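Here is the structure we will look at, set down as structure tokens.
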2 protein chains.
Amino acid sequence: MSQQRQGSTPATTGAVPAFPDLPEATIARLPEYLRALHNLAETGSETVSSEGLAAAAGVNSAKLRKDLSHLGSYGTRGVGYDVALLIDQIEYILGLDQRRAVALVGVGNLGHALAGYDGFASRGFRIVALFDADAEQVGKPLNGLTVRHIDELGQAVVEEGITIGVIATPAGAAQAVADDLVAAGVTSILNFAPCVLSVPAGVDVRKVDLAIELQILSFHEHRKASLTAIPGGRSPEAGNQEAVGS
Amino acid sequence: MSQQRQGSTPATTGAVPAFPDLPEATIARLPEYLRALHNLAETGSETVSSEGLAAAAGVNSAKLRKDLSHLGSYGTRGVGYDVALLIDQIEYILGLDQRRAVALVGVGNLGHALAGYDGFASRGFRIVALFDADAEQVGKPLNGLTVRHIDELGQAVVEEGITIGVIATPAGAAQAVADDLVAAGVTSILNFAPCVLSVPAGVDVRKVDLAIELQILSFHEHRKASLTAIPGGRSPEAGNQEAVGS
DNA sequence: AGGCGCTTGTGAAGGCGTGCACAAATCGCG
DNA sequence: CGCGATTTGTGCACGCCTTCACAAGCGCCT
């Protein structure tokens with residue numbers, strides 16, 4: 001039926017209770033709720049209704065209630081959700097209270113930006129090591145750290161307790177870096193390189209491709225334009241095979 | 001997703017529908033297929049099977065066939081897909097043959113990286129204007145362009161034919177920038193600021209939040225850690241609930 | 001204390017997406 | 001010319017996710 005966990009609040013014990021297996025879609029929204037909750041907390045709100053939080057997070061209120069119900073009953077009927085309590089709960093579920101150590105590989109154009117992105121530090125992550133394969137980059141200081149050669153990756157992962165690796169290299173180098181990360185013991189990878197990574201089971205990979213997002217928008221632009229215009233015009237160039245008739 | 005569509009299905013379809021309304025999930029995968037196809041084209045492949053292309057794109061082959069079937073029959077049974085033809089088709093559907101003009105607002109940490117990201121230019125987009133609200137930034141050259149003040153946005157959108165705007169500002173400024181973009185006539189927005197944007201119907205917004213991806217990975221790390229920490233059996237089926245030993 | 005209004009939590013229904021399995025179609029070869 | 005090997009295109013079933021609608025629960029006010 002439902003997971004009921006009473007007594008073991010995350011603030012009191014560091015023990016690991018049973019893990020509710022949340023739907024993947026819910027997990028992806030929890031960070032959004034968390035951000036909205038932090039905003040609310042800053043404005044002094046102590047409680048918030050599902051309607052209010054849903055609006056702040058840009059989702060449907062029913063969806064939000066169902067999402068939160070998966071982690072337990074942390075709301076009060078007739079009142080709403082306790083902001084501070086919910087923040088603690090979500091941060092605990094996401095494992096953000098551990099301030100995970102992150103390694104960033106590739107300090108090129110994008111890597112520089114990521115190394116300096118304060119959104120990581122402010123939301124529970126510490127970039128503790130920077131790597132690059134280019135000897136020219138190695139040794140340079142960047143945002144309080146020194147760029148190290150990628151050969152030192154295995155050593156650094158152990159020393160710093162790194163569990164997450166971020167790949168910001170060109171596509172051609174990404175697979176090799178991923179292999180190195182996995183070999184070093186990293187079990188989660190965030191990949192910014194435009195390519196498919198092959199990793200063993202048990203390693204999680206998430207991909208962010210900036211150009212893909214633009215291409216999706218481009219499709220919608222194209223669609224919108226074709227609707228406002230007079231339909232009928234088509235053919236990119238090679239329009240031959242028609243599925244109609246015989 | 002974070003965009004709303006008002007799907008009006010016109011009953012008046014005289015000829016071949018210029019625009020098949022593809023499932024959203026399919027659209028999101030087309031750019032991935034396109035990238036894989038370009039890689040294949042570079043290696044000299046003229047045709048590719050659904051199995052091969054699916055592997056290169058990191059998806060199931062049945063899914064790929066179904067996706068491609070939505071845009072028409074561009075494969076040959078017993079042979080596979082013509083690489084060049086499929087590239088043309090997908091690029092046409094995505095509207096990439098128009099090399100859309102893109103405006104980038106916010107040339108801070110992330111904005112710098114985006115302005116220099118060559119993945120945009122190589123995949124059908126032209127960043128034609130850079131904007132910032134900070135007077136200190138205005139006038140500086142960046143990647144062949146000059147940073148302009150955001151007040152000139154409306155003018156530039158018209159002059160350059162900009163249809164897509166990219167927001168790389170702090171969260172506090174994002175909504176105002178979005179309003180400016182919409183007012184200037186932009187109908188698609190890619191938002192890197194960690195906040196919810198409110199836009200009128202007909203405007204598409206896609207959001208990329210770098211920290212959210214890390215938080216999702218963090219959850220899986222947390223989950224994996226809690227599973228390995230349980231002594232005894234680690235069978236996923238046997239583990240039901242309330243294994244909290246006290 | 002009791003009723004009333006408000007909000008959560010959830011059962012149920014519908015829609016969407018995925019993956020299997022197979023018929024249809026095409027090419028190469030004897 | 002026909003047959004077999006190969007691969008596409010798709011009907012179908014299943015599972016996940018979303019959304020609606022409402023009962024259950026909580027606090028406040030009289």
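A note on names: the letters A, B, ... follow the listed sequences, proteins ahead of strands, and every chain is numbered from 1. Worth saying up front: this structure is predicted, and the values here are computed from it rather than measured.
Not one side-chain nitrogen or oxygen of B/Tyr74 sits closer than 4.0 Å to the OP1 or OP2 atom of D/dT7. Contact between the side-chain N/O atoms of B/Tyr81 and the OP1/OP2 oxygens of D/dG9 is found at a separation under 4.0 Å. Phosphate contact (OP1/OP2 of D/dT7, side-chain N/O of B/Ser50, threshold under 4.0 Å): absent.
Rounded to whole angstrom, the span from the CG atom of A/Leu22 across to the P atom of D/dT18 amounts to 13 Å. Atom CG of B/Asp67 is separated from atom C1' of D/dT8 by 14 Å (rounded to the nearest Å). Distance CD (B/Glu24) to C1' (C/dG15): 15 Å, rounded to an integer number of Å. Regarding B/Leu68, its CG atom lies at a distance of 12 Å from the P atom of D/dT10, rounded to whole Å. In this structure, B/Leu53 atom CG and D/dT8 atom C1' are separated by 13 Å, rounded to whole Å. In this structure, the CG atom of B/Leu64 is 14 Å from the P atom of D/dT7, given to the nearest Å. Taking atom NE2 of residue A/His70 and atom P of nucleotide D/dC17, one finds them 9 Å apart after rounding to whole Å.
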Could I get a table of every N or O pair under 3.5 Å where one atom is in the protein and the other is in nucleotides 19-23 of chain D?
{"from": "D/dT19", "atom 1": "O4", "to": "A/Lys66", "atom 2": "NZ", "distance (Å)": "3.1"}
{"from": "D/dA21", "atom 1": "N6", "to": "A/Arg65", "atom 2": "NH2", "distance (Å)": "3.4"}

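Residues passing the ring-ring contact (aromatic ring centres under 6.0 Å, His included) test with B/Tyr33: none are found, sequence neighbours excluded.
Between B/Lys224 and A/Asp204 there is a salt bridge, with a side-chain nitrogen of the basic residue lying less than 4.0 Å from a carboxylate oxygen of the acidic one.
By the 4.5 Å heavy-atom criterion applied to side chains, B/Ile167 and B/Leu190 are not counted as neighbours.
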Stepwise side-chain contact (heavy atoms from CB on, under 4.5 Å) check, A/Leu53 with A/Leu40: CA-CA 9 Å; A/Leu53 182 54; A/Leu40 286 168; 4.0 Å; yes
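Comparing B/Gly78 and A/Thr76 by the nucleotide of DNA chain D that holds the closest heavy atom to each, the one mapping nearer the 5' end is B/Gly78.
For the segment residues 25-34 of chain A, the set of residues with a heavy atom within less than 4.0 Å of an atom of DNA chain D comprises A/Ala25, A/Arg29, in numerical order.
Residues A/Glu221 and B/Thr187 bring a donor and an acceptor atom of their side chains to less than 3.5 Å of each other.
Pairs passing the salt bridge (Lys or Arg N to Asp or Glu O under 4.0 Å) check and including a residue from residues 67-83 of chain A, sequence neighbours excluded, read A/Arg29-A/Asp67. Counting only residues at least two apart or on different chains, the side-chain hydrogen bond (donor to acceptor under 3.5 Å, both in side chains) pairs with a member in residues 35-44 of chain A are A/Glu32-A/Arg35, A/His38-A/Glu91, A/Thr43-A/Ser45. Pairs engaging residues 46-55 of chain B under the side-chain hydrogen bond (donor to acceptor under 3.5 Å, both in side chains) rule: B/Ser50-B/Arg65 [sequence neighbours left out].
Distance CG/B/Asp209 to NZ/B/Lys207: 5.0 Å, rounded to 0.5 Å.
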